S.K.: 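Submitted below is the structure of interest, expressed as structure tokens.
Protein chains get the first letters and strands the later ones, always in sequence-line order, with residue 1 at the start of each. Because the structure is a prediction, the values reported are computed rather than measured.
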There are 2 protein chains.
Amino acid sequence: MNRSAQVLATKLRTLSSLSAGDLELIDRVIPPASHYEARRDLIREGEVPQYVMLVVQGFACRYKTLRDGKRHLVALLLPGDCGDLHAPLLDHMDHGIATHTACLIAKIPREGVLDMLESPALEKALRRSTLVDEAILREWLLNIGQRRSEERLAHLLCELHHRLRAIGMAGEAGYDLPLTQAELGEIAGLSTVHVNRVVKELRRRELVYLRRGRVEIPDPRRLAWLCGFNANYLHQLAEAGTFS
Amino acid sequence: MNRSAQVLATKLRTLSSLSAGDLELIDRVIPPASHYEARRDLIREGEVPQYVMLVVQGFACRYKTLRDGKRHLVALLLPGDCGDLHAPLLDHMDHGIATHTACLIAKIPREGVLDMLESPALEKALRRSTLVDEAILREWLLNIGQRRSEERLAHLLCELHHRLRAIGMAGEAGYDLPLTQAELGEIAGLSTVHVNRVVKELRRRELVYLRRGRVEIPDPRRLAWLCGFNANYLHQLAEAGTFS
DNA sequence: CGCTCAGTTGAAACTCGTCAAAACACGTGG
DNA sequence: CCACGTGTTTTGACGAGTTTCAACTGAGCG
């Protein structure tokens, strides 16, 4: 099974169980990935999408910008995540997609997506994945709208812990997070300086140790309690994260 | 054509053009609506959805709550809007839906939705509608994350103006908005008091006159310019709002 | 008339943003 | 190996924006 297909399969299995036939189908329709540099636009606002992009390796994001250049990240795309399945339905993009780190991206042609939708299990997994994307958007909205900076960052870190663990990219007490504090600020709607102060405070309280791309969470339960994190909205299968 | 079907048709025609056959199909699968009081839960977080709810009359919303009782509205459902088409795919709701004003709600059974998805034009319209819902979420996230209170409220009022105009519920320079300032605050992530101050300031600058459920916008272009509003993300057809 | 709920106002406290500078990490080329 | 440059993290001081509390006004309704 090629690398791209494997990554997608891993992600989809966190949402629905797949048969051997499904895995073969995935392998057949997912093209090999190509390499992109860090911080590079994959598609810009206003452009017309041709493919569904699948992140195979690295971190990417969806973003929107304001006239004055302020940018807000409206989604984080982890390995296995992809752009909207029905994106081709919309004339033009209302947001951009960019790499964060260096990435491997597979461009799935329209027909490949349609083929996958033929399989009931894959259809279910793919549709669930778009529903989860939407659920995450709602949770982020709540996060920014109602929580204050400390809980806000804590909540974001909890979410990433869960999402990364589901795809085998995080351990019990920590994970690699290749995001600068400025970028965390662009997600959380906080200034870089304030993110830094919050990070410092979380460290002082021994809740999170964040430094140079690495997140350590000594007691995930305590952190989750602090910010009221509840993973329900991620709609992960119970056994997610336990397979190879 | 029954009332519920008519409302849905009006909404869908803002997204894709429908044939006479499509309209008949809609009429056949949409059941009559029933009445709900104002401020009543239609479905709560954690419950399992059985139907797709269609708002026929009145305003409803999706909301999420925090432990401490703070509530945030993550979507506003106007006449013609409905809950997620594939909601039944998810085990339990990660948010609640509630009426705002008194409402007429039609509960579309699963099979009705499937029937509509058979028609290419309806499928396109329905899928586009979920994509637009997601686009609105992203825009709200940007709005709360990056804009300050005045532009934030202005942007929200611009969006509602466009959405209501598309379904024939707003004129060139104003519309009825049955939301309290407290509720606007729950959307914008602002305290009631601050919403009030911003409303006052917008009135002073002759941008928006908001009082007792009525919004008057003497110069929509000027207001849109102030907050950087660009309707692209609503993906409305050009002729939206011009039909009966 | 008196109730209730929405809107309004002021003062004080607090959260967070801005500006500016310094400390630090990392990669590069000398 | 060190020096240098770039980009990220850290710090302090200050001010702007926003929340909170508490009281008051006004409209609608029984």
Side-chain angles (χ1 to χ4, degrees), chain A residues 37-40 59 66 68-73 99-102 143-157 176-205 208-216 227, chain B residues 37-39 59 66 68-73 100-102 143-157 176-205 208-216 227:
Chain A
E37 299 161 29
R39 290 160 206 247
R40 194 168 176 288
F59 280 43
L66 253 40
D68 62 7
K70 276 195 270 187
R71 186 173 84 146
H72 194 92
L73 304 192
T99 61
H100 233 102
T101 63
N143 205 24
I144 293 191
Q146 303 296 339
R147 285 191 257 257
R148 39 207 46 195
S149 56
E150 203 168 306
E151 310 154 42
R152 218 188 273 185
L153 267 189
H155 195 279
L156 176 59
L157 295 175
D176 289 325
L177 183 68
L179 296 179
T180 64
Q181 295 184 359
E183 289 160 340
L184 288 175
E186 286 179 318
I187 297 176
L190 296 171
S191 69
T192 310
V193 174
H194 201 65
V195 168
N196 184 271
R197 287 193 234 275
V198 172
V199 164
K200 182 180 168 189
E201 175 64 11
L202 289 173
R203 188 156 41 214
R204 192 191 65 73
R205 294 174 58 185
V208 178
Y209 298 95
L210 190 155
R211 59 196 182 297
R212 247 169 292 126
R214 178 77 194 169
V215 179
E216 299 288 351
C227 60
Chain B
E37 299 161 27
R39 288 158 209 249
F59 280 42
L66 254 39
D68 63 8
K70 274 196 271 187
R71 188 173 81 146
H72 193 93
L73 305 192
H100 234 100
T101 63
N143 204 24
I144 293 191
Q146 302 296 340
R147 284 192 257 258
R148 40 207 48 199
S149 56
E150 203 169 308
E151 310 154 41
R152 215 188 276 185
L153 266 189
H155 194 278
L156 176 61
L157 295 175
D176 289 326
L177 182 67
L179 296 179
T180 63
Q181 295 185 355
E183 288 160 340
L184 288 175
E186 286 179 317
I187 296 177
L190 296 171
S191 69
T192 310
V193 173
H194 201 64
V195 168
N196 184 273
R197 287 193 236 273
V198 172
V199 164
K200 182 182 168 188
E201 175 64 12
L202 289 173
R203 186 155 44 215
R204 193 192 63 74
R205 295 174 58 187
V208 178
Y209 297 95
L210 191 156
R211 56 196 185 297
R212 246 169 292 123
R214 178 76 193 167
V215 179
E216 299 287 352
C227 61

S.K.: Please identify which of these residues, B:E150, B:R152, B:E151, meets the side chain to side chain contact (heavy atoms under 4.5 Å, CB included) condition with B:C227.
M.R.: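 For B:C227, the side chain to side chain contact (heavy atoms under 4.5 Å, CB included) check succeeds only for B:E151.
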S.K.: For B:R211 and C:dA6, what is the distance between atoms CZ and P respectively, to the nearest whole Å?
M.R.: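 Rounded to whole Å, this separation is 19 Å.
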S.K.: Near DNA chain D, under 4.0 Å by heavy atom, which residues of residues 193-201 of chain B?
M.R.: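 When residues 193-201 of chain B is checked for heavy atoms under 4.0 Å from DNA chain D, the hits, listed by number, are B:V193, B:H194, B:R197.
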S.K.: Under 4.0 Å: is that the gap between some side-chain N or O of B:T180 and OP1 or OP2 of C:dA6?
M.R.: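 No, no such contact exists.
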S.K.: To the nearest 0.5 Å, what is the distance between CG on B:L157 and CG on B:L202?
M.R.: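 That separation rounds to 7.5 Å.
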S.K.: Determine, for A:E183 against A:R39, whether the closest basic-nitrogen to carboxylate-oxygen distance falls under 4.0 angstrom.
M.R.: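 Here A:E183 pairs with A:R39 in a salt bridge, since their nearest N and O are under 4.0 Å apart.
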S.K.: How many whole angstroms separate atom CG of B:L202 from atom C1' of C:dG7?
M.R.: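 Distance, rounded to whole Å: 15 Å.
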S.K.: Between D:dT10, C:dT8, D:dT19, spot the one nearest the side chain of B:R203, thanks.
M.R.: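 Closest nucleotide among those given: C:dT8.
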S.K.: Step by step, would you call B:E216 with B:R203 a salt bridge (Lys or Arg N to Asp or Glu O under 4.0 Å)?
M.R.: CA-CA 10 Å; B:E216 299 287 352; B:R203 186 155 44 215; over 6 Å; no
S.K.: Using whole Å, report how far CD of B:E183 lies from P of C:dC5.
M.R.: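 Whole-Å distance recorded here is 13 Å.
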S.K.: Remember a base hit wins even if backbone is also touched, and classify A:G189 as base, sugar-phosphate or nothing at under 4.0 Å, heavy atoms.
M.R.: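 The residue A:G189 makes sugar-phosphate contact but no base contact.
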S.K.: Using a cut-off of less than 4.0 Å, is there contact between a side-chain N or O of A:R212 and OP1 or OP2 of D:dT10?
M.R.: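 Checking A:R212 against D:dT10: no side-chain N or O falls below 4.0 Å of OP1 or OP2.
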S.K.: Any side-chain donor-acceptor pair under 3.5 Å between B:H72 and B:E186?
M.R.: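 No - no donor-acceptor pair under 3.5 Å links their side chains.
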S.K.: From the set D:dT8, D:dT18, C:dA6, return the single nucleotide nearest to any side-chain atom of B:R148.
M.R.: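 Per side-chain heavy atoms of B:R148, the pick is D:dT18.
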S.K.: Please determine whether a side-chain nitrogen or oxygen atom of A:R147 lies at a distance below 4.0 Å from atom OP1 or OP2 of C:dT15.
M.R.: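 Checking A:R147 against C:dT15: no side-chain N or O falls below 4.0 Å of OP1 or OP2.
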S.K.: Across the strands shown, which category fits A:S149 at heavy-atom distances under 4.0 angstrom: base, sugar-phosphate, nothing?
M.R.: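 Answer is sugar-phosphate: A:S149 comes under 4.0 Å of backbone atoms only.
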S.K.: Can you tell me how far P of C:dG17 sits from CZ of A:R152, to the nearest Å?
M.R.: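 Taking CZ of A:R152 and P of C:dG17, I get 8 Å after rounding.
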S.K.: Is there a donor in the side chain of B:R147 and an acceptor in the side chain of B:H155, or the other way round, less than 3.5 Å apart?
M.R.: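 Short answer, yes.
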